[in-house]
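Below is one structure, written out as structure tokens; the observations come after it.
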Amino acid sequence: MSGNLPQIERDQPVPAIEVERPANPEHGDLATNLAMKLAKPLRRAPIQIAQVIADELAWEIANAPAQSPLASASVAAPGFLNVRVSNATLARTLDAILAAPADWGRISVVRPRQVNVEFVSANPTGPLTIGNARGAFVGDLLCRVLEAGGQQVTREYYFNDAGGQIRNLGASVVALKRGEPIPEDGYHGDYVEELLTQLPDPVWAAANEPGVDAADAIGRWAAQQVRGGIEASLTHLGVRFDVWKSEASLHADGWVGRAVEKLRERGHVYEKDGAIWFASTAFGDDKDRVIIRSNGEPTYFAADIGYVAEKFSRGYDHLIYIWGADHHGTVARVRNAAEAMGFDQQAVQMLLYSWVRFVRDGVEVSMSKRAGNFITLDELLAEVGVDAARWFFASRGATSAIDFDIELAKKQSAENPVYYVQYAHARIASILRKAAEVGLTPAATLDPAALEGAPEAALVRSIVRYPEVVEDAVLVEETHGITAYATELATTFHAFYRDARVIEESEPDRSRARLALAEAARVTLASALGLLGISAPDRM
RNA sequence: GCGCCUGUAGCUCAGUGGAUAGAGCGUCGGCCUCCGGAGCCGAAGGUCGCAGGUUCGAAUCCUGUCGGGCGCGCCA
């Protein structure tokens, strides 16, 4: 464009320009605000700049159509440059999808990292409840998105199986066993009675040996039982953890002590009122934090600090914590402690998911694990189904506060959008089966002319957008763009199905081209659902 | 009091400076001689909490303000 437009002065900052998909397809396949951004540095009207570029592109398309991926370029007020992609380009993309379906949607990795994602991390004092649900789904979905972006992800679960809570759980079981009332701080859920029925005689006998603290011993046994149940629940919803880390082991293996020592060496701790404090304010925190109590016991925060060091010792480039919004007060101190130990604070990040307000017929469900009135995660999944629950959480941003009406979810389960998407997938699978019966298979090489029809043009444009959707999801580390896209692609396919008859034995060429489009749509739906951990059934 | 999050259609939620603010559910009205009707088409429904500001352009950025949630332990 040097001949028609002035040069940008050397000291002028070059503005960031964007290329995007117009909301209105009539505007073209891609649009850019380039001309509007250049208006100021070039001192020209945006519409004029856009026209010069559009003319140049049009000249290229006319003179060397085989070299240009575009079919046309046009200008719209106040200075948008809109282009249309050629059918040949689209046809080649479809060929590539069918040739290597597993690679479709895979994006190029900029910088592969080892990432540790810690989530759920509920202590084994009872089964997982619906209160733990969002953390489980948000964490798993984040891991899937990170993996889609090429990161090496470790899913980690942190728990305390030795603290006062565990002892209280043990005391509750002991009381039931002895026919005594459950103590003040004890647990009352049905699962406590179940634990009692599972309690093996030898364990009970050993707990009652002289000199043994029965509540403590039974608590340790119960925690193990409960943890097994938690693992089973998580497996059921499709989340497997690579590492289960016990808080007690951090102390036993010396990580906590060494971390405190490290902070001391670097001059970030001091003593006051008989306790040892971490000077968190030096890193911008509101107040300093106790790490060793005046009675010599380390705080929970001390274990956190040791855990950071322990995690980094395993070679991770990045630590991510999935926490409920109520933990935001602890974010700064943990990151500050990491920095104080010499780690990069940027390498320690917390994703705070907002609270889910569980509602039944418009009335909030109040829960207390201790009092025993709670809904377990297993019960929720039994009511609404794993796929529907996954979709529910995947389609909402992690930080938005949301309502979950259980009755509504049950009522809507048959009309849940997840089934709409799965139905589209099953429908395509059925068409392909039927086509194969009459000897029709998807075309391996698509004729660009086959994409000229309106139904084909709309469907192919929806399909080829998929990698951008994945890239966006990786970038923002959220999944709701994927659910929205999958819904849109399903809608586009249903419209295609209505307008374009796929199986037509009298017109095998057109039929095979449409089968190729249908198959590409199916591959894309399966990939999008798979990314979310949701099944893509061939029949429903 | 201080800090973080949040306010978009009847409901649940998208929209990370661009064109006419979208989806699902719900409501109303249509569509089965034909590849799966768990589908399709159409309609109604919005002062983007409010008020200023920045910008060619603001739901989006800034300031103020009102409402909602959460956090401010030698608890875990």
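Being a predicted model, the structure only gives us computed values, none of them experimental.
In the interface, the side chain of A:His327 is not paired with the base of B:G71 through any donor and acceptor atom under 3.5 Å apart. You won't find any donor-acceptor pair under 3.5 Å spanning the side chain of A:His494 and the base of B:C40, going by distance alone. Taking only distance into account, the side chain of A:Asp304 never meets the base of B:A76 through a donor-acceptor pair shorter than 3.5 Å. If you check distances only, the side chain of A:Thr299 never reaches the base of B:C74 with a donor-acceptor pair under 3.5 Å.
Across all strands shown, A:Gly397 has heavy atoms under 4.0 Å from sugar-phosphate atoms exclusively, and none from any base. At the heavy-atom level, A:Asp273 lies under 4.0 Å from base atoms of the strands shown. A:Ala35 comes within 4.0 angstrom of no nucleic acid atom, judged by non-hydrogen atoms across all strands. Using a 4.0 Å heavy-atom cutoff across all strands shown, A:Ala435 reaches no nucleic acid atom at all. Contacts of A:Asp286 with the nucleic acid, taken as non-hydrogen atoms under 4.0 Å apart, are absent. Note on A:Ala325: only backbone sugar-phosphate atoms sit closer than 4.0 angstrom, heavy atoms only; bases stay farther off.
Atom C1' of B:U33 sits at a distance of 33 Å from the matching atom of B:G24, rounded to the whole Å. One C1' atom belongs to B:G36, the other to B:C32, and the distance between them is 12 Å to the nearest Å. Comparing B:U60 with B:G52, their P atoms are spaced 14 Å from each other, to the whole Å. Of the P atoms belonging to B:G22 and B:A44, the separation is 13 Å, rounded to the nearest Å. As rounded to the nearest Å, B:G67 and B:G29 have C1' atoms that lie 39 Å from one another.
Aromatic pair A:His327/A:Tyr321: centroids not less than 6.0 angstrom apart.
Looking at A:Glu437 and A:Lys434, no side-chain N of the basic residue comes within less than 4.0 Å of a carboxylate O on the acidic one, giving no salt bridge.
Side-chain nitrogen and oxygen atoms of A:Tyr307 include none within less than 4.0 Å of the OP1 or OP2 phosphate oxygen of B:A76.
Atoms CD (A:Glu468) and P (B:U16) sit 15 Å apart, rounded to a whole Å. Protein atom OH of A:Tyr423 is 9 Å distant from nucleotide atom P of B:C40, rounded to whole Å.
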Canonical and wobble pairing (Watson-Crick, G-U, under 3.5 Å) of RNA chain B, dot-bracket with |: (((((((..((((....[...)))).(((((.......))))).....(((((..]....))))))))))))....

